[in-house]
Amino acid sequence: SKQLTMALLVLENFIGGKFVPCSSYIDSYNPSTGDVYCRVPDSGKEEVEAAVKAAKNAFPVWSSKSPLERSQILNKLADLIEHDLDAFAQAESKDQGKTITFARTVDIPRAVYNFRFFASSILHHVTECTEMATMGCVHYTSRVPVGVAGLISPWNLPLYLLTWKIAPAIACGNTVVAKPSEMTSVTAWMMCKLLEKAGVPHGVVNVVFGTGAKAGEALVCHPDVPLISFTGSTLTAQRITEKSAPHCKRLSLELGGKNPAIIFDDADLNQCIPTTLRSSFANQGEICLCTSRIFVQRGIYSEFLKRFVAEARKWKTGNPSDPTVDVGALISKEHLEKVRNYVKKAQAEGARVLCGEGVDSLSLPPDNQKGYFMLPTVIAEVKDESCCMQEEIFGPVTCVVAFDTEEEVIKRANGVKYGLAATVWSSNVGRVHRVAHRLQSGLVWTNCWLVRDLNLPFGGMKASGIGREGAKDSYEFFTEVKTITIKH
Ligand code: NAD
């Protein structure tokens, strides 16, 4: 109906410093109610072409600004987002289904910090220099921005992950065309409204909204986009790799995980249990770094399981805008079905579901009855070869299994195709080092989880990705290096 259409939020692409309407749109749902509440441009080749053109035009001026000038603009943008933190957090929660508390304390503060961090780090890089005295030569390296960067981000941490790409890309002097997930586009659109005020010149940041198949692929295939930074699933990364191969593009791929937590019998369970609950269920388990395989040493297995399940049951699932709620809605109806099916498959294989899905009842406020909710679910006695122990579920589901020896658990933890993050719990420092060294994982947290220093590399091994991001790594990715030799 006309009235309903008028009430919908309608997004527009942001190209060359202007909001431009699109010829067709896709519906975007509020995951906590199941209602369509927003329309997102369904961009394709034409829109991507216009955005790339704008980014190309803006490149000469932006790339010749000093790092300090760019830094000041990034800081201003950080201040403006921070000023509107609450509005951004509410929008992110509504669009994604995540709790308002998570959006307020994690997503938006981190988006702000991404700009501040790269505004600072860009000022501190030094290039290399070597001397060949006998040849009368010095060699030095020089780094220059690459050009138009294509940035593609997923739906789980929308503004957080998009700004983790935009900030280093523009700090280094590139211009960008970004394509956020079609399911979570609102906060990127809100950010576009602040760019001019922050002093970002027209065309430096362009955002095209739409699906991966249309808008994403047009960006990946565009000959004037020499570099693609992608965060998303391993399957999509394979497609992007194939599509970009004829152009020899530079790719950074941050992909899925099947992250183990290894808990030895000398672990401090008072710290380990609350942290492992968070690592399993934070953001509805929709974080690439979430724990989904918990290996507990046999001596403490029963105690761990009992306490872990009792605590998991205390997590409150419901309306994401209620600040007392711990678990919001999953991103979509399809995703909820997929996550539920994993639990069903585990049951069919003889695993025990100890709490959550199918075991406990979920009561929701009347307005949320059609939302995509699911209780935190703990599964025990799952075989290592089961799909629940091998595939990324990306929901509030975690598997707990027992182990006996260090040697055994390392082998089992490494026995998946992924290698993104791992956590190790033990009070034995020697053991922690040994295990951390042998785990096939881009990140290993011992006796903690999700403590990040953005200076250091972030990224995965094996099917979890190619490349790393961080102060130095992102700088290297978003610049071309040249070696120059001077003979005197
Ligand atoms: P996805 O791969 O379906 O989509 C990610 C983005 O790629 C979206 O913007 C999508 O529109 C786009 N896309 C889809 N098909 C495309 C194509 N053919 N060409 C170009 N672009 C295309 O992933 P998702 O479901 O949005 O996100 C969840 C996944 O992301 C999980 O696997 C999760 O582990 C992963 N992830 C990884 C990290 C990390 O840093 N390693 C962080 C967050 C999420």
Side-chain angles (χ1 to χ4, degrees), residues 26 28 40-45 48 95-98 106-107 110 114 150-165 177-185 188 207-222 225 228-245 249 251-259 282-292 330-332 334-336 338-339 391-395 416-421 441-443 450 452 454 457-470 473-474:
I26 35 185
S28 183
V40 176
D42 185 12
S43 310
K45 273 198 182 128
V48 167
D95 205 23
Q96 205 275 343
K98 65 178 67 228
V106 180
D107 290 79
R110 172 60 188 274
N114 285 338
L151 313 177
I152 301 176
S153 57
W155 48 256
N156 63 328
L157 300 164
L159 194 66
Y160 171 137
L161 288 172
L162 187 67
T163 54
W164 174 238
K165 298 183 186 307
V177 176
K179 199 218 67 78
S181 167
E182 62 276 28
M183 284 183 273
T184 53
S185 297
V207 183
V208 285
F209 298 102
T211 65
K214 260 177 81 181
E217 240 171 83
L219 189 55
V220 166
C221 297
H222 200 294
V225 179
I228 299 286
S229 173
F230 169 79
T231 300
S233 65
T234 302
L235 204 64
T236 305
Q238 286 164 348
R239 173 117 187 133
I240 289 178
T241 305
E242 278 173 26
K243 288 279 164 184
S244 64
K249 294 198 182 198
L251 299 180
S252 167
L253 305 171
E254 297 287 350
L255 315 176
K258 189 65 193 173
N259 312 309
N283 204 46
Q284 301 69 246
E286 294 169 330
I287 307 179
C288 55
L289 305 166
C290 273
T291 301
S292 63
L330 273 68
I331 184 68
S332 67
E334 294 72 29
H335 189 58
L336 175 65
K338 181 182 152 191
V339 176
E391 294 168 21
E392 182 180 50
I393 300 175
F394 222 53
V416 293
K417 70 173 182 175
Y418 294 105
L420 186 57
S441 181
L443 303 140
L450 206 57
R452 280 274 296 130
L454 303 192
F458 177 95
M461 293 183 182
K462 305 198 296 191
S464 292
I466 294 179
R468 297 290 184 272
E469 297 176 330
D473 298 84
S474 298

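Hydrogens, waters and symmetry mates play no part in the numbers below; they use all other heavy atoms, side chains included. We number each residue from 1, following the sequence as shown. First listed ligand is number 1; within each ligand, the first listed atom is number 1.
Looking at heavy atoms from C-beta onward, Ile331 lies in side-chain contact with Thr184 at the 4.5 angstrom threshold. For the pair Leu151 and Val177, the minimum side-chain heavy-atom distance is 4.5 Å or more. Between Leu255 and Cys288, every side-chain heavy-atom pair lies at or beyond the 4.5 Å cut-off. Here the side chains of Phe209 and Glu182 are not in contact, with every heavy-atom distance at 4.5 Å or above. The side-chain heavy atoms of Glu286 and Lys98, taken from C-beta on, include no pair separated by under 4.5 Å. Side-chain contact between Phe458 and Arg452 is present, with heavy atoms from C-beta onward closer than 4.5 Å. With a 4.5 Å cut-off on side-chain heavy atoms, Ser252 and Ile466 do not count as touching. Using a 4.5 Å cut-off on side-chain heavy atoms (C-beta onward), Ser244 and Leu251 make contact.
In terms of protein heavy-atom proximity, atom 18 (N) of ligand 1 is closest to Glu217 OE2, 2.9 Å. Protein heavy atom closest to atom 28 (C) of ligand 1, with residue, atom name and distance, is Phe394 CE2, 3.6 Å. The single protein non-hydrogen atom nearest to atom 23 (O) of ligand 1 is Ser233 N, 3.4 Å, given as residue, atom name and distance. Atom 41 (N) of ligand 1 has as its closest protein heavy atom Leu255 O, 2.8 Å. Here the protein heavy atom with the shortest distance to atom 3 (O) of ligand 1 is Thr236 OG1, 3.8 Å. Closest protein heavy atom to atom 20 (C) of ligand 1: Gly216 C, 3.4 Å. With respect to atom 42 (C) of ligand 1, the closest heavy atom belonging to the protein is Cys288 SG, 2.9 Å. The protein atom (non-hydrogen) at minimum distance from atom 11 (O) of ligand 1 is Glu182 OE1, 2.7 Å.
With a 4.0 Å cut-off on non-hydrogen atoms, Glu392 touches ligand 1 through its side chain and not its backbone. Residue contacts with ligand 1, taken as heavy atom pairs separated by less than 4.0 Å, do not involve Leu219 at all. Contacts of Ser464 with ligand 1, taken as heavy-atom pairs under 4.0 Å, are absent altogether. With a 4.0 Å heavy-atom cut-off, ligand 1 is reached by the side chain of Ile152 but not by its N, CA, C or O. Here Arg239 has side-chain heavy atoms under 4.0 Å from ligand 1, and that is the only part of it that gets that close. Counting heavy atoms closer than 4.0 Å to ligand 1, residue Pro180 contributes backbone atoms (N, CA, C, O) but none from C-beta onward. Under 4.0 angstrom from ligand 1, the non-hydrogen atoms of Ile240 all belong to its side chain. Only the side chain of Leu420 comes within 4.0 Å of ligand 1, counting heavy atoms alone; its backbone N, CA, C and O stay farther away. Residue-level proximity to ligand 1 for Met183 is absent, since no heavy atom of it falls below 4.0 angstrom.
Checked against a 3.5 angstrom limit, the closest N/O atoms of Trp155 and ligand 1 fall inside it. Inclusion of Thr234 in the set of residues having an N or O under 3.5 Å from an N or O of ligand 1 is not warranted. Geometrically, ligand 1 and Thr231 share no nitrogen or oxygen pair separated by less than 3.5 Å. On a distance-only criterion, Thr211 and ligand 1 share no N/O pair closer than 3.5 Å. On a distance-only criterion, Ala213 and ligand 1 share no N/O pair closer than 3.5 Å. For ligand 1, the polar-atom distance check against Gly232 finds a nitrogen or oxygen pair separated by under 3.5 Å.
Using a cutoff of 4.0 Å between basic side-chain nitrogens and carboxylate oxygens, Glu217 and Lys45 are not scored as salt-bridged.
Atoms of ligand 1 found under 4.0 Å from any heavy atom of Gly256, numbered from 1 in the order shown, are 32 (O), 34 (O). Near Asn156, with a cut-off below 4.0 Å to any heavy atom, the atoms of ligand 1 are 43 (C), 44 (C). Near Glu254, the atoms of ligand 1 lying under 4.0 angstrom from a non-hydrogen atom of the residue are 37 (C), 38 (C), 39 (C), 40 (O), 41 (N). Those atoms of ligand 1 with a heavy atom of Phe458 less than 4.0 angstrom away are 40 (O). With ligand atoms numbered from 1 in the order given, ligand 1 contributes 42 (C), 43 (C) to contacts under 4.0 Å with heavy atoms of Leu161.
When all heavy atoms of Glu469 and Ser229 are compared, the pair lying nearest together is OE2-OG, 3.3 Å. Of all the heavy atoms in Ile228 and Leu219, the pair that sits closest is CD1-O, 4.0 Å.
In this structure, the side-chain contact (heavy atoms from CB on, under 4.5 Å) partners of Asp473, at least two apart in sequence or on a different chain, are Pro457, Arg468.
Between the CG atom of Leu253 and the CZ atom of Phe230 there is a distance of 7.5 Å, given to the nearest 0.5 Å. Glu391 CD to Ser292 OG: the interatomic distance, rounded to the nearest 0.5 Å, is 11.0 Å.
Asp107 places no side-chain N or O within donor-acceptor distance of the main-chain N or O of Tyr160, the cut-off being under 3.5 Å.
Side-chain polar atoms of Gln96 and Trp155 form no donor-acceptor pair below 3.5 angstrom. Side-chain atoms of Lys165 and Ser153 include no donor-acceptor pair closer than 3.5 Å.
Of the listed options Gly212, Pro154, Ser153, Ser153 places a heavy atom closest to atom 8 (C) of ligand 1.
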